[in-house]
Amino acid sequence: HAKANGRNSFQFFEAEMNTRAVRRQFVEGSLRRALKEDEFLLHYQPQIDLASGAMTGAEALIRWQDPDLGLIYPGDFVPIAEECGLIVPIGRWVLREACRQARAWLDSGLLAVPVAVNISALELRHEGFLEGVALILKETRLPPRYLELELTESIIMDDAESSASVLDALRTMGVQLAIDDFGTGYSSLSYLKRLPINTLKIDQSFVHDIATNTDGATIVAAVIGMGKNLNQRVIAEGVETYAQLAFLRTQQCEVGQGFQFSHPLPAEAFELLLDCPKDQQPRPLLC
Ligand code: C2E
Ligand code: MG
Ligand code: MG
Ligand code: MG
């Protein structure tokens, strides 16, 4: 029964663990095995230019294919991997796999847009991080501009001084930088202005409200305006409906990402989207 529906059965399984510590230890052990046995995979979600409908990027999102529990989503294991430090080697795997895939897509002529990778606080603070990114780019022969790293406001602001120097070094390398879940943290706007950020991703909780709630619409419109003023590309996350898309277009938001266009897809399914002539693409991609 556990195999039948991964996401729920994992929670069910977790509920059987009598203490938090026991559960954590169990998941930690399973994560170590997952790394060794190569049980992680990436799904890719397109980012769509709202004016033209073209794909401008893709976000890589980790999943864990557990042999017993099925497909497990990051919400169920990334926080534990962060607590026990395993996010560092897992994040290294994600970066290498995303860069390898981006290079393969470039080589096959399928996709010439950046792939975005989520970075945890511990990874950014890890002393080998910059070197690791540089090495992976070199190994995979991926031009740095095809890699975008997504960081949240909290990750950056928690240690603003050291973040700033790492971010500067990444930009010098040519890697692109995005602020993820924008609006849920506590950025100082004047500080934000000084950071070398290419992309601002408006958190989906704000996007969710835009078509139904005037306050939500006002906030999103203000963030789009701010991003434009700071010369940042603005991505609306979690676009699920045509009404939300229509509003974002009236505000001249540049890019959207969400189920309205496509769910995150395994690489092979994502390639089918890329391979399809534009006028034959599945309906959700045509915006
Ligand atoms: P995120 O980076 O903000 O990623 C967006 C999440 O929203 C993804 O969930 C995606 O599947 C989901 N999403 C996309 N479009 C829609 C939509 O229209 N509606 C709704 N309701 N949701 C949508 P996912 O894949 O479960 O990932 C959750 C979070 O886990 C990510 O949030 C990110 O913070 C973290 N994460 C994912 N992959 C990695 C990774 O490789 N490394 C690290 N450190 N964190 C990761
Ligand atoms: Mg993200
Ligand atoms: Mg996000
Ligand atoms: Mg998030």
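Residue numbers count from 1 along this sequence. Just follow the structure's listing: the first ligand is 1, and inside any ligand the first atom is 1.
If you look at Val94 next to ligand 1, the close heavy atoms, those under 4.0 Å, all belong to the side chain. At a 4.0 Å heavy-atom cut-off, ligand 1 does not touch Val117 at all. Here Glu82 has no heavy atoms under 4.0 Å from ligand 1, in either its backbone or its side chain. At a heavy-atom cutoff of 4.0 Å, ligand 1 is contacted by the side chain of Glu123 but not by its backbone. Counting heavy atoms closer than 4.0 Å to ligand 1, residue Lys201 contributes nothing at all. Under 4.0 Å from ligand 1, not a single heavy atom of Gln260 appears.
At a 3.5 angstrom cut-off on N or O pairs, Gly75 does not count as close to ligand 1. Between Tyr73 and ligand 1, a contact under 3.5 Å exists for no N or O pair. Backbone and side-chain nitrogen or oxygen atoms of Phe259 are examined, and one is located within less than 3.5 angstrom of a nitrogen or oxygen of ligand 1. Distances between N or O atoms of Gln257 and those of ligand 1 include no value under 3.5 Å.
Between Ile179 and the choices Thr199, Leu192, Thr152, the side chain to side chain contact (heavy atoms under 4.5 Å, CB included) rule is met once, by Leu192. Between Gln45 and the options Glu237, Gln257, His263, a side chain to side chain donor-acceptor pair (under 3.5 Å) holds for only Gln257.
Scanning His43, Gln204, Gln244, Glu150 for the heavy atom closest to atom 6 (C) of ligand 1 points to Gln204. For atom 36 (N) of ligand 1, the nearest non-hydrogen atom from the set Ala60, Gly91, Pro74 belongs to Pro74. The closest non-hydrogen atom to atom 43 (C) of ligand 1, taken over Asn118, Leu122, Thr152, Val207, comes from Asn118.
Connection of Leu230 to Ile197 is established within a shared hydrophobic cluster, with ILVMFWY side chains joined at heavy-atom distances below 4.5 Å, either directly or through further cluster members. Criterion: ILVMFWY side-chain heavy atoms under 4.5 Å apart, direct or through other members. Under it, Val78 and Val117 are part of a common hydrophobic cluster.
Considering just the N/O/S atoms of Glu150, the one nearest the Mg ion (ligand 2) carries the name OE1. Nearest N/O/S atom of Asp181 with respect to the Mg ion (ligand 3) is recorded as OD1.
At least one N, O or S atom of Asp180, from either the backbone or the side chain, sits less than 2.8 Å from the Mg ion (ligand 2). Because the distance cut-off is set at 2.8 Å, Asp203 fails to qualify as a neighbour of the Mg ion (ligand 3), as none of its N, O or S atoms comes that close. With 2.8 Å as the limit, Glu59 counts as an N, O or S neighbour of the Mg ion (ligand 2).
Near Glu237, meaning under 4.0 Å from any of its heavy atoms, are these atoms of ligand 1: 3 (O), 5 (C). Interface of Pro264 with ligand 1, defined as ligand atoms under 4.0 Å from a residue heavy atom, comprises 11 (O). Those atoms of ligand 1 that come under 4.0 Å of a heavy atom in Gln45, given as number and element, are 14 (C), 15 (N). Atoms of ligand 1 found under 4.0 Å from any heavy atom of Val239 (numbered from 1 in listed order, with element): 18 (O). Near Glu240, meaning under 4.0 Å from any of its heavy atoms, are these atoms of ligand 1: 17 (C), 18 (O), 19 (N), 20 (C), 21 (N).
Contact analysis puts Glu59 in contact with ligand 1, with a non-hydrogen atom separation below 4.0 angstrom.
Ring planes of Phe270 and Tyr44: tilted class, angle from 30 to 60°.
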List the steps and the verdict of side-chain hydrogen bond (donor to acceptor under 3.5 Å, both in side chains) for Gln47 and Thr56. CA-CA 6 Å; Gln47 300 174 334; Thr56 64; 4.8 Å; no
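Atom NE2 of His43 is surrounded by more than 12 heavy atoms from other residues, nucleotides or ligands within 6.0 Å.
The pair Arg33-Asp38 does not count as a salt bridge, with every side-chain nitrogen at least 4.0 angstrom from each carboxylate oxygen.
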